[in-house]
There are 2 protein chains.
Amino acid sequence: MGSSERKEREKAELKEQILHTAKKILLKSGKNGLSIRKIANEIEYSPATIYLYFKDKDEILHELMEMGFMLKNKYMAHAYSEKDPAQRLYEIGKAYVTFGIQNKDWYDIMFNSDEPMQHMAKCREDWDQGMAMFNFLTMTCREAIQKYELSGLDESVMALQLWSSVHGLVNLALTQRLDIVEHTDKQELIEKVLNSMLKCIFKK
Amino acid sequence: MGSSERKEREKAELKEQILHTAKKILLKSGKNGLSIRKIANEIEYSPATIYLYFKDKDEILHELMEMGFMLKNKYMAHAYSEKDPAQRLYEIGKAYVTFGIQNKDWYDIMFNSDEPMQHMAKCREDWDQGMAMFNFLTMTCREAIQKYELSGLDESVMALQLWSSVHGLVNLALTQRLDIVEHTDKQELIEKVLNSMLKCIFKK
DNA sequence: AAACATAATGAACACTGTTCATAATAATCA
DNA sequence: TGATTATTATGAACAGTGTTCATTATGTTT
């Protein structure tokens, strides 16, 4: 009978529900407030049940990481379609920082946590979405180097330099370490630094 | 009698022993492996005793942060005495990254953790050592701007840009996120990016 | 020796991730 | 329909975590 299909569907639905609840708790209580037991409590199942649908907590964090990239892509979409490579780099940087500042919990899971990376190492998976992001960045750098004749710049090094810069800026902001810089408007300060980073590369 | 002095000395000694043990565990098992109960076990006291010497775990992490800055200063000492501001910035950057790469556990506590910052917030303390570091960096930027006539650059923005860049680079390296960049020698890659960051600012 | 102050602790509370034998439910077969 | 099998769920336990507090032990002073 087709009942086996229904069962599979039900199984997938509960898996979805677990992830949906995990996301809800992440947004309400942050990464440290997210626990297997809270998820179980919320969906009214035993904690042990979670382990019938996910190998361990790392796997759940990995799935959340993938959800985070979906959200991040929304922030980046308009930047990706920009034609001029220099302008595109600027828009990518701005979107990246905005996403990070506005979504600490997602950002921590995607770019600061060991757990989802360990899950990938265990399952011999690749960091597809991070890879895609970095490849697109590298490609844009290549275009920019060609168009603006930035001789002596390696595309990989330039991409990594840009990523490091915005990643560092986001992290300093998210961990309250920008507070030591005397400045009235923090948002303005971040924008100034970001502008300086990008300008820096293109001035000859 | 002078016995009260001895008691105070003994109290300070046990406090020292707790911190020394905390450091030992941090180096052996990392930040996640460090627990009050492990410290208590190691010094052969009850976990509750720790709370007679420290308000909570955050305070211990804060003390460890200060110890971390001592270690970091050793890495930076030679850079701080460099005369030429541009060369000094280069040496500071190199020392900072080297320290971070070689001391993940210290780095996490000093620059990535919320806990020691929260402790400072609770006690209305300042982040003195971080402040001192950033002030020196800003001062060096000012000197460099003057000497090399880098017009249009703000010293605070420049300092923050440099800090963000090396901070981001260290964090990407420490969380295994540099693995996605095709490169044989990771150490070499890091040096190339670091060089590019610094060169970037000084080319006109 | 008795009174007092200080220091140390055992036990508890409320959590965490994870495992596994057992129990409940659903699907299939005779 | 009733018995058998496969799936799904769980209670309880293990080994941890930070933290608090009433009680006990220790050392000092009168």
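Labels below follow one simple rule: chain letters A, B, ... track the order of the sequence lines, proteins then strands, and each chain is numbered from 1. Remember, it's a predicted structure, so these values are computed and weren't measured experimentally. Just the heavy atoms: all of them, side chains too, but no hydrogens, waters or symmetry mates, feed the values below.
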key: Polar side-chain atom of K57(A) near backbone of L34(A) as donor-acceptor pair, under 3.5 Å   = yes
query = Could you give the CD1-to-P distance, from I39(A) to dT16(C), as a whole number of Å?
reply = 11 Å
query = Could you state the CG-P distance from D56(A) to dT16(C), rounded to the nearest angstrom?
reply = 17 Å
remark   = Rounded to whole Å, OH of Y45(A) lies from P of dG11(D) at a distance of 13 Å
note = Whole-Å distance, Q17(A) CD to dT8(D) C1', equals 15 Å
message = Parallel, tilted or perpendicular: which one describes the rings of W163(A) and F134(A), with boundaries at 30° and 60°?
response = tilted
task = Report the distance from atom NZ of K38(B) to atom P of dG16(D), rounded to the nearest whole Å.
result = 9 Å
task = Specify the separation, in whole Å, of atom CD1 of I50(B) and atom C1' of dC21(D).
result = 17 Å
request  = Please state how far atom CZ in F54(A) lies from atom P in dT19(C), giving the value in whole angstrom units.
outcome  = 15 Å
inquiry  = Need to verify one output field. Residue with the more 5' nearest nucleotide on DNA chain D, S46(A) or K55(B)?
reply    = S46(A)
request  = Let me know the distance between OH of Y51(B) and P of dA22(D), rounded to the nearest Å.
outcome  = 17 Å
query = Starting at the 5' end of DNA chain C and moving along, which residue's nearest nucleotide shows up first, G33(A) or A48(A)?
reply = G33(A)
inquiry  = I'd like to know if D58(A) and K122(A) make a salt bridge, using a cut-off of under 4.0 Å between side-chain N and carboxylate O.
reply    = yes
task = Using only side-chain N and O atoms of T49(A), determine if any of them is under 4.0 Å from OP1 or OP2 of dT10(D).
result = yes
query = Is there a donor and acceptor pair, one atom on the side chain of R37(A) and one on the base of dG17(C), closer than 3.5 Å?
reply = yes
key: Ring centres under 6.0 angstrom apart (H62(B), F54(B))   = no
request  = Pick base, sugar-phosphate or nothing for Y53(A), based on heavy-atom distances below 4.0 Å to the nucleic acid.
outcome  = sugar-phosphate
